[in-house]
Amino acid sequence: MTQKELWVSVLRRIKPTIKKAYFLTWFQNTVVLRKDEGVAVIGVPTTFARNWLNDKYNVKILQALQEADAGIQSVSYEVHSRLSELNNAEGMDVKALFATEDTKKVRKVRKVNEVKVKVGGSSGHVSSQMLNSRYSLDNFVVGLDNRLPHAASVAVSNMPGGIYNPLYIYGDSGLGKTHILQAIGNGILENFPDMVVKYVTAERFVTEIVEAIGKRHTHKFKEQYRKVDVFLMDDVQFFSRKHSSQQEFFHTFNELYEGNKQVVITSDRPPSELDDLDERLKSRFGMGMVVELLFPDYETRLAILNQKCGEFEVLIDPDVLGFIANNVHHSVRELEGVLRQAVAETELNDSVPTIRSVAEIIKRLDKAQKIIGYDIEAKRELIVKTADDVMQLVAEYYNLTVDDLVGKDRHKEIMVPRQICMYLIKNELGQSYEKIGGDFGGRNHTTVMHACNKTASKLKKNVRMVRDVNAIKREMGL
Ligand code: ADP
Ligand code: MG
């Protein structure tokens, strides 16, 4: 077994045991550098990755190495900056490696129901656009403004070729058109496993037809498309000014429609505004059901964020989610993007998203954006200098008052934040136990010392607490 094969087999063992996003982050561009007398030396691109692998995954890595090669007794890590280069030939490109494996899996399940358009005879390639199983009608959050498109989609997936045919869904970019269109496809395949579902973007359709014309295979092209039971066409506005492919689409559409096959179309505008599109096509688009997707209201945005937190398997402070919902004004994609970034950023520095960190992300994405409910400039100026500042921050973070913190209540919900607060004042501001005791309602210095030691030892075991403390420190500008 070469070192490369060894590493692929190790990665294959580890991958199912950790979250995919972590796997891709921490194992990207890693490599087995050498084996020295039972020590496997792993090359990694950054010190950060080295520490992370060493701290969190060492046991898994060693186990997997030993399963693949019994001669290995221990493992060590070395940082090589050349591994951090984008196109380095040495490190394992896990994203590419497992991306192809993952799509293969999907392909296997769906194969029978997906039409593949074969282009260019024996030497030609097979092209097909897959349905992404991530999109379902169940995980499409329904609010006041998108109830109708959702209901129509559910109806279509229960009865393809029924009264909502064609179904035409339009709305601005990032409002869920592709999601709902693919969800219809997935829903139909679930309800009618024998149906042939074809999903294609208008852009892809145009590329295919142009290729087919070039290679004189238009006949085959037509045949393939006409075998489908359900035709899902994404972003139909792309056809504007593409006259010859429009014609082809028009014929395909008509034949499917006349054969009572379900057609669903998405677009960024209503049929009437599809400039430069054949009038006959426009009027046919309008014959079934035309529905608009709108930017969801606050409650729905919040529900979407909660839904995505579930999908990403993260727990986030409801106030922070409310803040995101309040400050994203354009699209659901942006909403999801802010959440993703917040999660990624805080996973990197082992903390949790806070209003401050999220405000910074929103500002970075759109400099012109006015932030509601947080004065980002003022907070940037704020440098935490005094014990009062720290108390204020800790109290805010835990939804308590400063009086709670200095008071006598010994309930865990108050006591733990109190101890954390003392710990931070001691460690970050370097104040004496006596002084801190005085500020906390005249407590004895030994009480403070105990609180600090207790917090320090908890921080060695309690991941959640580490994250909280790191988040508070970031709020302190540290
Ligand atoms: P479009 O095709 O309209 O540009 P997408 O379908 O790609 O938009 O949606 C962008 C992102 O927003 C996707 O990740 C999608 O899952 C998500 N999304 C949009 N609307 C909703 C919703 N109502 N519920 C859950 N997720 C949504
Ligand atoms: Mg789309």
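Counting starts at 1 for both ligands and their atoms, in listed order.
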message: Taking Arg340 first and then Glu336, would you say they form a salt bridge - that is, a charged N and a carboxylate O separated by under 4.0 Å?
response: yes

task: Return the set of residues passing ring pair (Phe, Tyr, Trp, His ring centres under 6.0 Å) with Tyr398 (not counting sequence neighbours), or none when no residue passes.
output: none

query: Would you call Glu279 and Lys282 a salt bridge, using N to O less than 4.0 angstrom?
result: yes

message: Determine whether Asp276 and Ser240 satisfy the following criterion, side chain to side chain donor-acceptor pair (under 3.5 Å), listing intermediate values before the conclusion.
response: CA-CA 5 Å; Asp276 211 24; Ser240 294; over 6 Å; no

statement: Tested for ring pair (Phe, Tyr, Trp, His ring centres under 6.0 Å) against Phe239, the lone hit among Phe285, Phe253, Phe249 is Phe249

message: Is a donor from one side chain sitting under 3.5 angstrom from an acceptor on the other, for Gln262 and Asn165?
response: yes

- prompt: Are Arg280 and Phe250 in a cation-pi setup, meaning NZ or CZ lies under 6.0 angstrom from the ring centre and within 45 degrees of the ring axis?
  reply: yes

- request: Enumerate the protein N/O/S atoms at a distance below 2.8 Å from the Mg ion (ligand 2), ignoring waters.
  value: Thr178 OG1

field: Pair Arg301 + Asp297, salt bridge at N-O below 4.0 Å
entry: no

field: Ser331: partners by side-chain contact (heavy atoms from CB on, under 4.5 Å), with sequence neighbours left out
entry: Leu175, Arg333, Glu334

- request: Could you name the protein residues that come within less than 4.0 Å of ligand 1, counting only heavy atoms, and order them by chain and residue number?
  value: Arg134, Tyr135, Asn139, Phe140, Val141, Asn146, Asp172, Ser173, Gly174, Leu175, Gly176, Lys177, Thr178, His179, Ile304, Lys308, Val332, Arg333, Glu336

